[in-house]
Amino acid sequence: MTALAVTTRRRNPDLAEWARRDSWTIGLIVLLGLLLGFTKLVQPNYGAFGIQGLGISIMPLAFAAVAQAIVVIAGGIDLSIGSMMALTSVVAATQMEGQSGTFGVAVVAGVLLLGIALGALNGGLVVATRVPDIIVTLATSFVWAGLALLVTAAPGGAAAPWLMSLTTGAFLSDWLPKAAIVLVVIVAAIWIPLSRSRLGVSLYAVGSDQLAAFRSGVAIGRTKVIAYAIAGLFGGLAGLSLTASTGIGTPVPGPYTLQSVAAVVLGGVSLAGGRGGVFGPIVAVIVLQLIQNDTTFLGIDPNYALVVQGVILVGVLILGSLLESRRAG
Amino acid sequence: MTIATSGLVLEATGISKTYGAVVALKSASLAVRPGEVHALMGANGAGKSTLVKILTGAVRPDGGSIAVRGRQRTVHSPAEARHGGLVSVYQDPAIIPDLDIRANLRLTETPLEPFRHWLAEFGLADLDLSSLARRLPLASLRVIDLARALAIEPDVLMLDEMTAALPANLTERVLEVIGGMRGGDRSVVFISHRMSEIGSVCDRATVLREGETVGVVDVSAGSEERIVDLMLGQIVEHSMPQAEHAAQRQDGDRTPRLSVQALSQGTKLHDVSFDLHAGEVLGVVALEGQGQDELFQVLSGGKRPSSGQIVVDGTSVSFRHPADAIRAGLVYVAADRAEALLMQRSVRENIALPFIARIGRWGLIDLHRERRTVDEAVSRLQIDARAGNEVRRLSGGNQQKVTIARWVAGGVHTMLCFDPTRGIDIRTKQQIYVLLRELAEAGAAVLLYTSELKEVQLVCDRAIVIFGGQVVAEIDRADADEATLLHAAYHLQSGAALPEELAATAVVATGGEEPAAATHEPEVPA
Amino acid sequence: MAAVAASGRGRAAAAWRTTLRDRPIIPLIGLLALLVLAIEAADFGIVTPEWAGVIVRASIPLAILAGCQTLTMLTGGIDLSVASVASMAGFVTATLVNSPGGVAQGIVVVLVAAALVGLVNGVGVGIFRVHPLITTLGMSFVVDGLANVWQLQTVQTGAGVPPVLRTMGSGIVGDVVPYSLVVFVPLAAAIMLGLRRTGYGRLLFAIGDNPVAARLSGVRSWQVLVVLYVISALMAAVAGLLISGLTNTASVTLVDTSLLPSVAAAVIGGTSIFGGRGGFGGTMVGALILTVLSALITVLGMPEPTNQVVFGSIIVIVAAAYTRVTSES
């Protein structure tokens, strides 16, 4: 009994436990700090303006990464996020074109509902057909992309001015880009209450051990559908921020699906499900974007940024697996 | 119907369930009185687990009716069953590894105070509820699962092989608690392969055979025979094979087949030495988590030792991969069949797997030769390979035979068996005992860890006892009765009561990494 | 009597299920025949030997890419770098046309490069145990980036698809038999024989079914995986050469749109994404089905994006059918 007490009671259990559980995120934040320092070094002019640009440029991928993170935590994967963004983005842009700002609000609400519906359809198909998530969402990625092209064959439409002003410029201080604030407020407002509810616990439970979750009384199917629906909501937000930042809708999916998977993995969410959170992936998105910016500053061919991203993605995981095996051995 | 007239807490009648072509339950019935501990018995594949899963809503029956306290119920999910007063503790704990214990309790809406009470009852009062489940040892998780079930105060608590992976001291406490529920208002349905546990806590036993309830027996002295008769049906074979143990005293100067010298691994295994000779079955006896897992892992190439030597036929060897151990003639039979088998592949591919493992064998396969070898092994082990297209369709016993046949097919030099009879039926157990003796008589060396102490005297020539990672005793077959082995396993000189501290270390020492055993039928609905 | 009839019907259903599970190629060929009938009905007289030749020619590169997915999926993996490798192969060969060694040198360079990519994939997956999805995704970033860099440096040299590749990719003997069969038939035969009759093929299934069991039986899975991903990358390069010949295009993004169809063809062909189940026969039929389906949509005069919507739907339907027949136990 004494031995057990020794192993489980620590001086400062909260701090130690936090450091242990969130060590990945902490490492990532340190990496971000280093990168910011490096950026300042190579680009002495880098300042408030650069941060504002960063805020806007990360927004679509950040929302996509949050969407991906929620699905992955619940044990799935959503390969349709990029197409979903294209579809919601073109719907928003075509509907808002030439309409009043108030109508734009209705469009935004409608597009978010559309996102939820697309996500719920993904989840519903996964649950009803029992086909692996990766296949179902791969298939629906074709469907959403096809629909986007049917909505408009060429890039076009417009964003309501208020929507664009919501994401450009700064708030209070030049150092606080509006886009980043909008991002953080929306994600926090949805994720924090969610993760503390029984539903949030169920998301982790389903991703961690489905059988045990079922035996613990979790409704597996319903939880999965909800996870995908929430991801759909964030997918819709990502699509809207694409429209807001470019002012138009583009019917061809960007590289967001695969990049969101990369961001989620870098952000400390286990692809096996059940582990991680949504803020790590957001930090990972910033890191990836900064790398891209830095290569531009350094006058390096921007294509190397892609190479570096790939190398970092694989390199970080190799490092992780080495650390894991050392700890195990 | 009121409780008074029916007098039953739980009554299930005519339950049937078919999976594809496999009939899991034909017509099972179970009647549990208030305040009784009711054993559910049956050989492997008799349908016990399926019945429990149906009663707790994890699996839907094709037919039959379930009544709780006289009221008809249909249970669609474990959550519904729990609200109806039926709770089960499964072989693998229903605890989410990536959540802490508190979140796990929240998931099942378990009240905290009674949970803590039961935890204390099992000697885990100090458990930190914010520790992640995956960092806790399996034995603790099972106890937590049990405490959680008790805290809900179900009308009927179902325990499926609850004691299977528990150290002996915890088993005792669990049995005490279960025994303490007798005579109350609530009941327990108890599944165990260990006859002695049935005798010590159960009032009555329902026996299943091939998916049907074949009898209900009052448990008392001498009822064991009757239960075994019912379980086996026509083929009654009470006695285990009393293999002819030739007097195998080894000459002192003969080189041992396998010599383990001062072997240590991590914190679990310290300075273990023993010799294993050709023609010998050497038993390893230990409580859960005393370092036997590490010993077998090191010998089979799964883990590297921190120090010490392994000598095979006089040559020192070191293994970096199971392939190295296999090349040195050390083959490993695991307890967990899910770990050892390619469930979607055929019996043939499973048995032939070791032959194609090396790079040199990546080329074309000689199908005729392969078929001959495999057929030989199949008939030698009497594997029922009718459903041989996919191993997952075989019964548990047949699956275990396939894992052994894999090595027998290539000729056995030294076989390392880790609890090979865990969770399989009596008849298959006997066949495995006979096979191990035959292998030994044909000149192989066998190292056998078993959690069933009775096996030792039946199969082994002698046994070593490991405690706290060290060899604490060597016992000859003649003296290796259950009582002696148990005392040695607890590292006690006499039958004195178990000291508290010792019990606690046994719990703590249980390695946390042991994978939850057993294959489960797909029970999660769409 | 009624009972007998019912059980007879039950048996028929069970036999049907068994067929679909163990010999998926039979119902798949049925589906293919139905599609061909449909296209003939939609445009009477279109189905001719010449038409068949064109369909087969278009299916061959897709079948090879889908072969990469089949082999990797058998081990529980996936190869998302095939499209990048294939594009790179076609493009780099075209840029080396005017080099001293000509086309032959180009092809050798490309195959070596592909083998290196496969080697990195294999080392990541097999030795460092990084999830195949992530490893190959990361490598696709790297390959894309490097190919873009290469493009910028060679943009002046005047790249052109060499005539040899054009013949190989798009030539048709006697208006019926595509040239590319010269490459494809031996390749397909080697894959099918390899999977059924060699130790290596068995090991692919074994690792996909249960990596722990494979290890306990003495299989060093890293050896198998490293070789596998090299094979996959080489096949992707071959497919890329054929595609650039077929389309007479050299572009670093040429094959990108074939990535998801390559997974789709393997899935339709009955290979399980979880590993341990599947084969190349079904994959070839899967590639044909997808090609005929696009042709059908074109014939029906539907807008091109409809293609994608139908593709997605059929993947879900076929995969759901497989899941139904294989999950009973």
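Proteins come first, then strands; the chains are lettered A, B, ... in the order of their sequence lines, and each starts at number 1.
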Heaviest contributor of heavy-atom pairs below 4.5 Å to chain B, chosen from A:Ala212, A:Gly207, A:Gly217, A:Ser270, is A:Ala212
Residues in residues 193-203 of chain A that sit under 4.5 Å from chain B, counting heavy atoms only: A:Arg196, A:Ser197, A:Arg198, A:Val201, A:Ser202
Measure B:Glu109 against the heavy atoms of chain A and call it side chain, backbone, both or neither at under 4.5 Å. side chain
Could you state the interatomic distance from CD1 (B:Ile95) to OG (A:Ser208), rounded to the nearest 0.5 Å? 11.5 Å
Kindly say whether B:Ala94 contributes a backbone atom to a donor-acceptor pair with the side chain of A:Ser216 at under 3.5 angstrom? yes
Take A:Arg215 and B:Lys53 through the test side-chain contact (heavy atoms from CB on, under 4.5 Å) and record every step on the way to the result. CA-CA 10 Å; A:Arg215 286 171 172 176; B:Lys53 283 174 185 165; 3.6 Å; yes
Which atom names give the shortest non-hydrogen contact between B:Leu107 and A:Ala205, and what distance separates them? CD2-CB, 3.4 Å
Using non-hydrogen atoms and a 4.5 Å limit, figure out which bit of B:Arg82 sits close to chain A: side chain, backbone, both or neither. side chain
Smallest heavy-atom separation, A:Phe214 atom then B:Pro78 atom, equals O-CG, 3.3 Å
Report the option among B:Leu99, B:Thr108, B:Asp145, B:Ile96 that has the most heavy-atom pairs separated by less than 4.5 Å from atoms of chain A. B:Ile96
Would you mind checking which part of B:Arg148 comes under 4.5 Å of any heavy atom in chain A, side chain (CB onward), backbone (N, CA, C, O), both or neither? side chain
